[in-house]
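I have placed the structure first, in the form of structure tokens, so that the comments after it can refer back to it.
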Protein chains: 2
Amino acid sequence: MPKFLPPDKELMAQTRAKLAAAPPPPDDQLDPHIEVLVNDIIGRVADRWTMIILEVLAENGEIRFSQLGREVKGISQKMLTQTLRQMERDGLLIRTVHPVIPPRVEYKLTDLGLSLGAAFCGVWMWAEDNHETILRARQKFDAALNKD
Amino acid sequence: MPKFLPPDKELMAQTRAKLAAAPPPPDDQLDPHIEVLVNDIIGRVADRWTMIILEVLAENGEIRFSQLGREVKGISQKMLTQTLRQMERDGLLIRTVHPVIPPRVEYKLTDLGLSLGAAFCGVWMWAEDNHETILRARQKFDAALNKD
DNA sequence: ATTCATACTTACCAAAAAGAGAGTGTCAAA
DNA sequence: TTTGACACTCTCTTTTTGGTAAGTATGAAT
């Protein structure tokens, strides 16, 4: 799934090992104002369309609106525009309008956008690695419910 | 923000470097069925409450329902129950009911839950590292809008 | 002359998510 | 005796979200 980043199992294993060995977290108390802000960013950034668009953009480099619409299947024009605007506002991508007819608008990721892709890649890999486990857990859970 | 994992800048830098140097991704085409499934998991798993609960759980180890409610501020009882059930169903945590009065129910993460925490940690760090950049981008964007 | 493509915006409407608040059963403390 | 804690569930209402469909401007192709 993380098409823009080949799964690097070795690095992941390394990461996990390091994380497992990590000392107990220093109980950081930080400005609740910032905490709210970061929560907000997570909420906005970690949604379905944003992540998928990010991926397509990372794969294709610069790409036009309707091409994006074709690649991100299932998305409506409205959601595409809306998500793109949000991402532009957050500085994840740049939108270039070529004043020609018919209109030509191109989108490409900024460094910030690319770095988010890299950060989120871990979650894609996790989902890929664990979707079977999750499916089994769900089946077990549902079966247990029906046994009453 | 990723309280359960101390930011490991060194490792992150290493990761980024490695990712930057990575060869172009092999254009993987995988079963669209699985793709949908993984998308679904991402959508469900990467939501606000799930991530915050995950964090609190990782911080506190085993913890009771209403204690959780106090730690995760702003959440309603309904959302707390609902999210916890989903997470249990997905195998992210285990729920232990002690049949005493008053009731005592404890929640703790499974290994799967912990691994998701580790995977998502990169996104928290990204958000922490970049929230100022994002704020500035937004201000710039909004200012540009008002200039017309 | 009509249609198509582009990149949208706007209006309307249905569905889903989420908040608020009351109810439940039991015991212990005030 | 009333109150409160616990861990919920249930219902009602509000808010948010997202889809559909139409409209817009322009020139080129049929």
Side-chain angles (χ1 to χ4, degrees), chain A residues 36 39-53 56-57 60 62-90 93-108 141-142 144-146 148, chain B residues 36 39-53 56-57 60 62-90 93-108 141-142 144-146 148:
Chain A
V36 169
N39 272 18
D40 178 73
I41 288 171
I42 293 282
R44 143 121 12 133
V45 119
D47 88 301
R48 220 182 108 143
W49 294 132
T50 304
M51 285 307 113
I52 295 177
I53 290 174
V56 172
L57 240 30
N60 295 54
E62 202 159 22
I63 185 173
R64 297 179 64 179
F65 181 84
S66 30
Q67 185 57 27
L68 252 172
R70 265 171 248 127
E71 303 272 346
V72 181
K73 22 185 183 295
I75 197 170
S76 66
Q77 232 178 15
K78 183 187 169 184
M79 276 298 102
L80 186 55
T81 317
Q82 210 172 91
T83 312
L84 250 16
R85 279 299 129 75
Q86 253 174 203
M87 291 173 77
E88 192 195 356
R89 185 168 112 99
D90 288 344
L93 53 79
I94 42 175
R95 177 171 173 266
T96 319
V97 183
H98 303 269
V100 296
I101 280 158
R104 176 188 189 78
V105 182
E106 297 200 303
Y107 296 88
K108 69 182 282 218
F141 185 89
D142 295 347
L145 269 188
N146 292 347
D148 314 335
Chain B
V36 169
N39 272 17
D40 177 74
I41 288 171
I42 293 281
R44 144 125 10 136
V45 118
D47 87 302
R48 219 182 108 133
W49 294 133
T50 303
M51 284 307 113
I52 295 177
I53 290 174
V56 172
L57 239 30
N60 295 56
E62 202 159 22
I63 184 171
R64 299 179 62 179
F65 182 84
S66 30
Q67 185 58 25
L68 253 173
R70 266 171 248 124
E71 303 271 348
V72 182
K73 25 187 182 293
I75 198 172
S76 67
Q77 235 179 11
K78 182 187 170 184
M79 276 299 101
L80 185 55
T81 315
Q82 210 172 92
T83 311
L84 285 172
R85 279 299 129 75
Q86 253 174 202
M87 291 173 76
E88 192 194 357
R89 185 167 115 97
D90 288 345
L93 54 79
I94 41 173
R95 176 171 172 265
T96 318
V97 183
H98 302 271
V100 295
I101 279 157
R104 176 187 188 79
V105 182
E106 298 199 303
Y107 296 87
K108 69 182 281 217
F141 185 89
D142 295 346
L145 269 189
N146 292 348
D148 314 335

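Letters go in sequence order (proteins before strands), and every chain restarts at 1.
- Distances shown here put every side-chain N or O of B:Ser76 at or beyond 4.0 Å from the OP1 or OP2 atom of C:dA18.
- Under the side-chain hydrogen bond (donor to acceptor under 3.5 Å, both in side chains) criterion, the residue pairs touching residues 67-81 of chain B are B:Gln67-B:Arg70, B:Gln67-B:Glu71, with sequence neighbours excluded.
- Taking the side chain as every heavy atom from C-beta outward, A:Phe65 and A:Leu68 never approach each other to under 4.5 Å.
- Proximity of B:Thr81 to the phosphate of D:dC8: no side-chain N or O atom is located under 4.0 Å from OP1 or OP2.
- Here the closest heavy-atom approach between residue A:Phe141 and residue B:Arg85 is recorded as CZ-O, 4.4 Å.
- Distance CD1 (B:Ile63) to P (D:dC6): 12 Å, rounded to an integer number of Å.
- Considering only side-chain atoms of A:Gln82, the nucleotide from C:dT6, C:dA7, D:dG18 that sits closest is D:dG18.
- Atom CD1 of B:Ile53 and atom CD of B:Gln86 lie 9.5 Å apart (nearest 0.5 Å).
- Going from atom CG of A:Leu80 over to atom P of D:dT20 covers 14 Å, rounded to whole Å.
- The separation between B:Gln77 atom CD and D:dC6 atom C1' is 9 Å, rounded to whole Å.
- To the nearest angstrom, P of D:dA7 lies 8 Å from OH of B:Tyr107.
- In this structure, the side chains of B:Ile94 and B:Lys108 come closer than 4.5 Å at one or more pairs of heavy atoms.
- In this model, the phosphate group of C:dA5 is not approached by any side-chain N or O of A:Arg70 to a distance below 4.0 Å at OP1 or OP2.
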Report task. Please report the C-alpha distance between B:Arg95 and B:Leu84 in whole Å, then the side-chain angles of each, then the deciding distance to 0.1 Å, and finally whether the side-chain contact (heavy atoms from CB on, under 4.5 Å) criterion is met. Result -> CA-CA 9 Å; B:Arg95 176 171 172 265; B:Leu84 285 172; over 6 Å; no
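- Using a 4.5 Å heavy-atom cutoff, the side chains of A:Ile42 and B:Arg48 are not in contact.
- Taking atom CD of A:Gln67 as the reference point, atom P of C:dA5 lies 14 Å away to the nearest angstrom.
- Shown for residues 93-104 of chain A: residues whose heavy atoms fall under 4.0 angstrom of DNA chain D, namely A:Ile101.
- B:Gln86 has its CD atom 13 Å from the C1' atom of C:dA16, to the nearest Å.
- Look at CZ on B:Arg48: it is 13 Å from C1' on C:dG19, rounded to the nearest Å.
- Taking side-chain N and O atoms only, A:Arg64 has no distance below 4.0 Å to OP1 or OP2 of C:dT6.
- Relative to the side chain of B:Lys78, the nucleotides D:dA7, D:dT20, C:dA18 differ in distance, and C:dA18 lies closest.
- Toward the 5' end of DNA chain D, the nearer of the two residues A:Asp47 and B:Val105, judged by each one's closest nucleotide, is B:Val105.
- As judged by a 4.0 angstrom heavy-atom cut-off over every strand, A:Arg85 is placed among residues touching the sugar-phosphate backbone only.
- Comparing C:dC8, C:dG19, D:dG18 against the side chain of B:Met79 picks out C:dG19 as the nearest.
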